[in-house]
Amino acid sequence: MKNIVLTGDRPTGKLHLGHFVGSLMQRVEMQNSGKYDEIYIEIADSQATTDNADNIEKIRQNVIEVALDYLACGIDPNKTTIYLQSQVPELCELTFYYLNLVTLSRLQRNPTVKQEIKMRGFETSIPTGFLTYPVSQAADITAFNANIIPVGDDQLPMIEQTREIVRSFNSMYGETLVEPKAVLPENETCCRLPGLDGKAKMSKSLGNCIYLSDSPEEIKRKVMGMYTDPNHLKVEDPGETKNNPVFIYLEAFAKDEHFEKYLPEYKNLEELKAHYERGGLGDMKVKKFLNDVLQEILEPIRTRREEYQKKIPEVYQILFDGSKKAQSVAAETTAKVKNAMGINYFEDTDLINEQAKKFSE
Ligand code: TRP
């Protein structure tokens with residue numbers, strides 16, 4: 001069996017550090033490992049319409065931002081197919097048939113959808129497109145025969161839904177679709193980077209993110225303003241590192257080489273943490289170090305982004321080419337699906353002959 005990787009993002013904003021550690025880094029690694037037969041990344045603009053129907057302009061503006069962020073991080077369109085969901089109409093077609101395999105109550109039980117409904121205040125009037133987006137996500141995945149889906153843990157219910165659809169399709173119409181598996185980021189801290197304000201998650205709506213496209217000055221300003229241990233008032237005070245976002249970020253990003261380069265009094269993060277915990281280490285010094293580390297990591301990404309920003313039509317061309325390629329694969333799967341269901345009338349000569357015979361008798 002081929003190893004086919006697929007994942008995606010809704011284009012509702014620029015990508016931030018949370019996306020970087022949670023998924024982008026892993027995607028680039030997978031891409032460059034040479035271990036996978038095919039890799040697809042979907043810009044899920046159609047899915048984004050399910051809760052932005054009144055603001056399509058937001059999606060229109062952010063498609064290119066997300067594409068630039070991918071390219072900036074090192075996603076190589078020669079190795080990874082980047083495509084736009086809306087430009088692959090077969091995905092809608094598959095969704096329509098899969099909808100018959102899922103009950104309303106099953107969709108209403110999906111924990112991610114439930115939480116999103118609450119967050120968006122949809123409780124009293126849920127758009128059906130929104131409620132059914134997990135089914136469309138099953139189309140995204142199965143259209144490419146993808147078996148490896150690198151995602152954050154919030155997406156596990158979507159992958160489970162896809163697996164259920166695959167199983168019921170295959171048992172109803174015969175082995176046709178491939179059952180996918182979710183792959184979570186290896187490192188715990190990477191699963192969910194807290195916001196600059198210490199809130200559980202970096203999120204655009206909370207305004208607590210460092211964006212991959214932030215300027216060096218913005219990064220510095222944001223790091224220097226980060227929430228730390230509120231009880232660590234004076235330098236001498238012992239501080240807490242556990243729920244302290246500055247240390248959580250260092251956990252995710254700082255390597256021993258960074259200490260050697262920027263903070264040689266300490267060998268590694270363990271030593272720095274120990275000092276902070278026993279007291280005598282000020283927040284400023286730790287934040288300065290974090291700033292140095294982040295600047296070093298983000299600089300090449302920002303530079304590459306700026307290069308692509310100079311050739312926007314070329315970036316749209318990359319998306320066009322990726323979408324064309326994706327469409328041809330999705331069309332093959334859709335043909336298989338319709339064949340399995342027996343709704344491929346014009347290719348089915350047996351059916352035509354059988355009907356001809358029936359009416360001539
Ligand atoms: N639902 C995903 C998110 O909100 C985006 C997405 C769309 C996706 N299609 C996908 C993820 C297919 C993995 C596979 O982040």
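Please read these numbers as outputs of a predicted model, since none were measured by experiment. Because only heavy atoms are used, hydrogens play no part in the values below, and waters and symmetry mates are left out as well, while side chains stay in. We count ligands from 1, going down the list as the structure has it; atoms in each ligand are counted the same way. The chain is numbered in sequence order, starting from 1.
- Under a 4.0 Å N-O distance rule, the pair E179/R163 qualifies as a salt bridge.
- Of the charged side-chain nitrogens involved, at least one lies within less than 4.0 Å of a carboxylate oxygen, so that R27 and D9 count as a salt-bridged pair.
- Between Y83 and F144, a ring centre-to-centre spacing shorter than 6.0 Å is recorded.
- Under 4.0 Å from ligand 1, the heavy atoms of Q155 that appear belong solely to its side chain.
- By the 4.0 Å N-to-carboxylate-O rule, D256 lies too far from K267 to be salt-bridged with it.
- There is a side-chain donor-acceptor pair under 3.5 Å between T241 and E277.
- Closest to atom 1 (N) of ligand 1 among all protein heavy atoms lies Q47 OE1, 2.7 Å.
- Less than 4.0 angstrom separates some heavy atom of E42 from each of these atoms of ligand 1: 7 (C), 9 (N).
- Annotation: atom 8 (C) of ligand 1 to nearest protein heavy atom, Q137 NE2, 3.4 Å.
- Geometrically, ligand 1 and D140 share a nitrogen or oxygen pair separated by less than 3.5 Å.
- In this structure, K220 does not pair ionically with E217, as no charged nitrogen and carboxylate oxygen lie closer than 4.0 Å.
- Within the 4.0 Å heavy-atom cutoff, M158 does not count among the residues contacting ligand 1.
- Proximity to A44 (heavy-atom distance under 4.0 Å) selects the following atoms of ligand 1: 7 (C).
- Every atom of ligand 1 with a heavy atom of V151 under 4.0 Å away is listed here by number and element: 13 (C).
- When only non-hydrogen protein atoms are considered, atom 4 (O) of ligand 1 lies nearest to R10 NE, 3.3 Å.
- Nearest protein neighbour of atom 14 (C) of ligand 1, counting heavy atoms only, is L6 CD2, 3.6 Å.
- There is a side-chain donor-acceptor pair under 3.5 Å between Q155 and Q137.
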